[in-house]
Structures are given as structure tokens and as C-alpha cells.
Amino acid sequence: MAQDSVDLSCDYQFWMQKLSVWDQASTLETQQDTCVHLARFQEFLRKMYEALKEMDSNTIFERFPTIDQLLAKACWNPFILAYDESQKILIWCLCCLINKEPQNSRQSKLNSWVQGVLSHILSALRFDKEVALFTQGLGYAPIDYYPGLLKNVTKRVNGNISRLASLSRVCVPLITLPDVDPLVEALLVCHGHEPQEILQPEFFEAVNEAILLKKISLPMSAVVCLWLRHLPSLEKAMLHLFEKLISSERNCLRRIECFIKDSLLPQAACHPAIFRVVDEMFRCALLETDGAPEIIATIQVFTQCFLEALEKENKQLRFALKTYFPYTSPSLAMVLLQDPQDVPRGRWLQTLKHISELLREAVEDQTHGSRGGPLESWFLFIRFGGWAEMVAEQLLRSAAEPPAALLWLLAFYYSPRDGRQQRAQTMVQVKAVLGHLLAMSRSSSLSAWDLQTAAGQDTDTDPRAPAQQLIRHLLLHFVLWAPGGHTIARDVVTLLAHTAEITHEIIGFLDQTLYRWDRLGIESPRSGKLARELLKELRTQV
Amino acid sequence: MESLLQHLDRFSELLAVSRTAHVRTWDPVTVRRALQWARYLRHIHRRFGRHGPIRTALERRLHNQWRQEGGFGRGPVPGLANFQALGHGDVLLSLRLLENQALGDAARHHLVQQLFPGPGVPDADEETLQESLARLARCGSAVHMLRFNGYRKNLNLQEDSLMKTQAELLLERLQEVGKAEAEGPSRFLSRLWERLPQNNFLKVIAVALLQPPLSPRPQEESEPSIHKTPGEGSQALVHWLLGNSEVFAAFCRALPAGLLTLVTSRHPALSPVYLGLLTDWGQRLHYDLQKGIWVGTESQDVPWEELHNRFQSLCQAPPPLKDKVLTALETCKAQDGDFEVPGLSIWTDLLLALRSGAFRKRQVLGLSPGLSSV
């Protein structure tokens, strides 16, 4: 408590000085400085109010002898009065100064003074005498006509404005005032004739903040303009999304989908410039987390939302695929962009083989200075969860010899950085496991141990190695799909999940599988029920 | 229904009293009750605002009140001005009490506590009084900043937002007064003319005459039963102007030429009177041989430049106004003797000046210097 008190005194001095410099915020510099400090000043006012409301008028003046000057200066700064709740908090602070029963003339004078300041704040619609007389003569008070006046004032932006910069500055405290929305929108979409940006950065930042906190609702076109004109705002929006994803419950794709749609980023990404920035940030996140499954899942959901938005938008904007995926061959892009739902189920295998061929070609092509190498191709592929996650399932369900193309694709998906030899080895390994699984699927009784041995899962090998992860997922797919799988499911999971990390991975796998089945409508009741039960049980364990 | 109307009466009285020294006798309890009243009536407004018959009945009651006071606008409106005001009667009452110096210390302290109780649970249903007042303050600042920092000083009167707002208010009030009493608008306007600063009033009238047909106010958008006939208020204004020659003379004198041209184009009924005035002004001028210009005899006579300005502006209006003006000028010229030589008839000289002005304009614009219609 004592520390708070000291902090408050320091802050008090700081703000007193600032307010003196700002005066009535009539110059460019004072306006800019005021805008930058508005939020912090409001916080300070709140703290002051909390302190003041505990004291009576005399004590307040003993503690803060210049409080009347501080409050008065704040009240004479129109930016402060116009911002968010500052005017309300100022009024509360002023009310604390009133003496309930004034005992001398000084206290009475103080009461009158507070009275005057309150009137000043509340009669902020000050005009020339003539106008005031006119409106009063008609029987109107400011409360009657201020919405209409504000509307007329904001409408004018569609006319001739030569002071866009100062207008944007003046709008900064007003962003969360609904009456000013049309003006904000007009400012965002207006095209100046200058090559450089004329609107103030504080304006963009304030609008962006309001959008992220849902304190303003603007049409999509305005939001896109904002993000195109002010890159830091777009980056902030992405970071805001990441923060939300990190702080929310792990491994729940439904929730992730909600957050993503809510962020307006998929719709905005229909504009290629925005798509590229978003893409780059996802790429960085992937690299930094070394391909964490949660990030991959997020990217997949984002791409899905993006494609849905693109579908809707396509009537207005038509950008060639190349603008979104400049480093990809058009044929590959077109195949990947197909929604599995739109392809007959019988052709899924064929499509995956085709994808594999095209990808392999891109990955193994080192002669023409392929851009980015295998990682670039991998980054492209992992986006399309509909196909990427389907490979293992398709392999398991075909009773015939597993196609080499699919084996390659699976190995590539789980470890893109492998050299040819390593990958070939993995393919052999997977083929063997598949063979065993096929054999076991025909037997009447299954045991978890057998399964694990067949899969070559030893406790000696590094469980985090991609091949291990691949095989784990194969086993889980098997358990969910095979007729006898449900009997050994829990045992298998127990055997596999010997660290917390792997448990999380399995939860992620189950959540993702259910999400995909739901979307594509390919769930069999038995598998779905099993998966849901397993998921529920595992979630309670972590 | 009757009790509702009585509530309305009583609240209107309350509002009227809140401005007077009578509040000296009010104690905290009175203040609290008054605010509760206001809040109750706010609910009434919300509940019955959309209910056609009840709303009409309430409005009629107010109109009756006006009649009893000798017509609307006899003085600063003391009580409730209209039905909409009920929607924020609490704000009206609060502000009047706050500004009333006669209110005692204890009552005032209580008032302030009631108005600004501090942070609390916000009412999910409707805006609290505290929120309304804070919003008013915020919007006031917004208007102030946007007008003085954001926009270039506007030269066109009809585009000035403050002028537009005053014009909208005038038209709205005229419409209501028209509903209350048939003769209402004209008498009302005459009363305003006597009481209000005339220069501003004239400007507002001009801007009002240029407004597009009145659309419902934001608060009323949800009430389609109120049908606003386009231009009702404008019609009342024109009617009044035509019936008051001295007002109209002041109107034509005070306002800039371009604005008057726009007004006259929009309201053709005004053009004969306007032209009549212009001819009267013209006839008062005589030619000063020494100076070689047309001058007036008295100081309040309209000088040549202004006369020329106005005619020039009128000649740039679209037909039929333009044609009417030219016809009038030709007629006057003929009546004067149909001279072609300058210095004998002001009408000849005006026509000459207008033609040469038009000729120069055509040259500047690169048009052929052939026979122009002027």
C-alpha cells in the first residue's frame, strides 16, 4: 500500500508536467503527444480516483495540494475529454473534492469551483451565442441535437478535405465512439494523391487496437485497407491471434477455428499482399518451434478458413493463384486447393498419388535452383490438412501393396529434411509395419504388446524421432479403424504414451482426426465413439 | 391513459420549475424523487414510443399546453418541448438542476452523488444516467475537435454542419407546430423573428430551404407510423416569407448572391418577389455623369456592384429561372425606353455588363464568340 502511494506521487508529478506542456492541445506536437499517452493517462486517473474516494476534501488537499490544477488542466484538453471513459473518471475525481457541509468560505468557493468545472465538462457543446439562442428559442437542448450534429460533422468527410492528417489525429480519442464510425471508415478507404502515407500512425494503431478488442465494428473493406496501409497493425493482429491460441486450451481445433475466424485474418488474406505477410509469420512460427504439431494444425485450420473466404470473395476480387503461391507450380497448387469433399471418394487415392508425384518432382529437382528446397514444398503441402492427414488412412485401408508414392508422401510429411537414403529407409520401415498391421487385422484376437512389437516400437529408440511419431500415428489409425481395435485401444495408448509430451501429441492427433472426420463426413460411428472416449480420458490425465 | 397524461403534465411542470429559483426550497429527498420521476417517464417513452395512439395522445397533450401558453415559442420553452424529450428527460432535468445556482448545498451534493455514483454494475437494459451524461460530454468534445481541427473553414453556408443542424431543427419544429395548430407555423416564425438574432435566423432559413426532404431523426427511425411529407417545413417557410415583405427584404439583402440563386431555383414561388425587389433596388440608383457609375441616393441603397452580382448569379442558374430573369430585365429595359447606349437606363447597362461578362467567360472557356443567348 505504501509503495502504491509512492508510485502515485511520482506519477502525479509526471502527469502534472505533461498536462502543463499539452495545455489545450492546439499544436501538432501536443496533439500527437497527447494521443500517444491517452490510455496511460486514463489508467492514472483511475488510480487517482481509487485513492481520492477514500479521503475527504481536506485530506485530499493535504496530500495533493495542486489537485485542482491537475484536474482543471485535464478538463481543458479536448483530447482527454473525448477519450474513452476519461471524462467520466475526471468527473468522479472532481466529485471527491466537494465538501458536503462547507464550514468556511474557502470550502464554499471550492464547491462553486467544482460546480463550474462540472458544468464546463457537461456543456461541452459550446457555440457562439447566436446559435445557442437559436436552438434554445426552438426549445432544444444539446442533448436533443448532438447526435444529428455529430452526424453532420462526420458526413462532411466525403467532401473536400485538405487536412486528412490532422483529421486522423483528432479521431484518435474518438475511435470507440460509434457515431464516428463512418468517419473512421472513410479515412481508412480514402485514396490520397500522395505516394507517402498522410494519415497519422497513432490513428492506425488506435483503430487496430479497437478492432482487436472488439470495441469497434467496421466493414471488412475498411479493415483490409487498414492492414494494407499500416503493416505494424497487421503484424500486431497476427501476434494477438498467436497469443490467444497459446493461452487457450491446447489441442482443441474447434476453438482454434473460432479464434481464427474471429480475427478477420482469413477474409483479409484474400488480398495477396496480406496473405503473404500472414504466411511469412506462420512460417517463422513453424521454424521457431521446429514444426510443432499444434502450429501445423493451426496453419491447416487457417488455410481452410482462408479458402472458404476466398470462395465467397471470388465474385469481386480475382487474383491468380500465382499471387498467393508464387513459388509453386500451378498444377500442384490446383490439385492441392481441391477440397476432398469435392472429389469423389473413389478418386482420393489417385489424387494423393498425383500430389505425391508433383511434390516429389519439386523436391528432387535441384537442377534449376529450386527455391527454398524441400522445406518450401513441405510448407506448401502441410497447409492442406485435408490431404496431408489422409495419407496414413488411405495406406491402411488398401489391402493391396502400399503404393510407393504414398509411402514417400507419408515419409516426407513427417520429416521433410531427410535425405534420399534416410527417406528410403523410412519407407521400408513403414511398409514393413503396414504389412504386419494388415496381417494382424485379419486375426481374431489382438494384443497391445503384439502390436507394439510388430511396429518395432522399442523403448530404446528416441520417441521423438519423426519416424517414431509416424509409426505411433499409424498404430493409432489402426486401432481406431480395425474391427478388433477398440478392445486393445486403451492398452495401446497406455503403452505409447509414456511421457507427457507424447500424451499431448496423442490428444492432438485424436482431436485433429475427429475434426477432419466431422468436416468430411467420413466418420464411422464405432471409430468416432472410440476416438471421443479416448480423447476424453486422456484429457483428464494431463 | 388519463393518469399517463397527468404524469406528463406534472413532469413538464417539474422541468419548468427546475430552472427557476424555486429550487431553493428543494431538499435531497425532493431531488431524488424528481430524478426518479424522470427515470419513470423515460421508461414510458421506451414502452410507448412505438405505440401510435398513445404517442399521438401524449403529443396532443403537449400541443394543448402550447396553445394555453399562447403558442409555441412565446419565450424560452420551460417544460417539455416534445415527446422525444421524454426519452432523455432525466438528462434535461439533471443539467438544469446542476446549472441552477439557487439549489442549496445539501441538495446539490445529493444531486451530484445521484448523477455520478462511480463505477458500478452497468445496466444491461439501457444506458444509465451517468453514461448518458458522460456520452454527452464526450460527444461535445468530439464535435469541438472535429470542427476546429479537422476541417478547412467552409465558405459554403449550406455545407456548414452547424448551419445544417440548425436548419434541421427548424424544419422539425415547424412540422410539429404545424400539427398542433393550423396557423401555427407562421405565427411561430414571426415570434422567432422578433426574439432571435436575425442575421443567424436568416441564414438558417436559407439553409433550411435547401435541405432535401426531411428524413426521420435517428431516434425515430424505428417509428414508421410518423409520415413526414417532404417539404412541409419548407412550404411553411416560403409561405411566411412571402407574407412578410420586410423579412423577405432583409433576407435578400443579408444573404450572398449565390445562396439566393440556389434558394430561388429550388422554390420558384419566391422568384417573382425576389425579382421585384431587385427591380426596386435598381430603380433607386441614378447615373453619376462625373464618376461614370450608377450610385444610390441614400446610404442604405444597394450599390451597383451588388445588384450586378445578384443578376449575374441568377443568369447562371438553370432555366426556367434564368429565362425569367432575362425576360424581366428586357422588359424593364423596354419600359425605360429601350436604349442601347450606356448611362441612360440601368437596365441597359446591366444587360450590357452581363453580356460582356458572359462573353469574356466564353472566351476564357474557349467557346465560340458567336451570338450568345445573353
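Numbered from 1 within each chain, the chains take letters A, B, ... in sequence-line order. Side chains included, hydrogens not; waters and symmetry mates left out as well; all remaining heavy atoms used.
Interface residue A:P173: backbone and side-chain heavy atoms are both found under 4.5 Å from chain B. Using a 4.5 Å cut-off between heavy atoms, B:L98 contacts chain A through both its backbone and its side chain. Proximity to chain A involves both the backbone and the side chain of B:L162, based on heavy atoms less than 4.5 angstrom apart. Of the two parts of A:F79, the backbone and the side chain both hold a non-hydrogen atom closer than 4.5 Å to a non-hydrogen atom of chain B. Only the side chain of B:L95 comes within contact range of chain A, judged by heavy atoms closer than 4.5 Å.
Counting heavy atoms from C-beta on, the side chains of A:Y145 and B:Q166 never come closer than 4.5 Å. Using a 4.5 Å heavy-atom threshold, the side chains of B:M145 and A:L174 count as touching.
Here B:L146 contributes atom CG and A:S166 contributes atom OG; the two are 10.0 Å apart, rounded to the nearest 0.5 Å. To the nearest 0.5 Å, the span separating CG on A:L138 from CG on B:L169 amounts to 6.5 Å. Atom CD1 of A:I91 is separated from atom CG of B:L115 by 9.0 Å, given to the nearest 0.5 angstrom. Remark: A:S123 OG to B:L136 CG distance equals 9.0 Å, nearest 0.5 Å.
For A:K53, the NZ atom sits in a packed shell: over 12 heavy atoms of surrounding residues, nucleotides or ligands are nearer than 6.0 Å. The number of heavy atoms from other shown groups lying within 6.0 Å of NZ (A:K129) does not exceed 12.
Of the listed residues (A:T135, A:D179, A:N111, A:L90), the greatest number of heavy-atom pairs within a distance under 4.5 Å of chain B belongs to A:D179. Top candidate by heavy-atom pairs under 4.5 Å with chain B, chosen from A:D84, A:I80, A:L118, is A:D84. Among the candidates A:R169, A:K100, A:R46, A:E101, the residue making the largest number of heavy-atom pairs closer than 4.5 Å to chain B is A:K100.
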| request: Dump the intermediate steps for side-chain contact (heavy atoms from CB on, under 4.5 Å) on A:L149 and B:K164, then the final yes or no. | output: CA-CA 8 Å; A:L149 179 55; B:K164 267 184 89 175; over 6 Å; no
| said: Walk me through whether A:Y140 and B:E172 qualify under side chain to side chain donor-acceptor pair (under 3.5 Å). | reply: CA-CA 11 Å; A:Y140 291 108; B:E172 195 178 275; 2.9 Å; yes
| said: Between A:E130 and B:F201, is the side-chain contact (heavy atoms from CB on, under 4.5 Å) condition met? List the steps. | reply: CA-CA 9 Å; A:E130 286 190 336; B:F201 190 33; over 6 Å; no
| task | Under the side chain to side chain donor-acceptor pair (under 3.5 Å) rule, what do A:D144 and B:H88 come out as? Steps first, then yes or no, please. | result | CA-CA 8 Å; A:D144 294 310; B:H88 42 250; 2.6 Å; yes
| task | Take B:F116 and A:L94 through the test side-chain contact (heavy atoms from CB on, under 4.5 Å) and record every step on the way to the result. | result | CA-CA 10 Å; B:F116 307 112; A:L94 282 164; over 6 Å; no
| Does the side-chain contact (heavy atoms from CB on, under 4.5 Å) test come out yes or no for A:Q115 and B:R108, once each step is laid out? | CA-CA 9 Å; A:Q115 186 60 34; B:R108 180 180 301 284; 2.9 Å; yes
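Minimum heavy-atom separation, A:Y49 to B:G118: OH-CA, 3.9 Å. Among all heavy-atom pairs drawn from B:C139 and A:L150, the shortest one is SG-CD2, 3.8 Å. Of all the heavy atoms in A:L81 and B:S141, the pair that sits closest is CB-OG, 3.2 Å. The minimum heavy-atom distance between A:L133 and B:L196, with the atom names listed, is O-CD2, 3.4 Å. When every heavy atom of A:G137 is checked against every heavy atom of B:L192, the shortest pair comes out as O-CD2, 4.0 Å. In plain terms, the two heavy atoms of A:G139 and B:R173 that are nearest each other are O-NH2, 3.6 Å.
At a threshold of 4.0 Å, the pair A:E85-B:R138 does not count as salt-bridged, since none of the basic side-chain nitrogens sits closer than that to a carboxylate oxygen.
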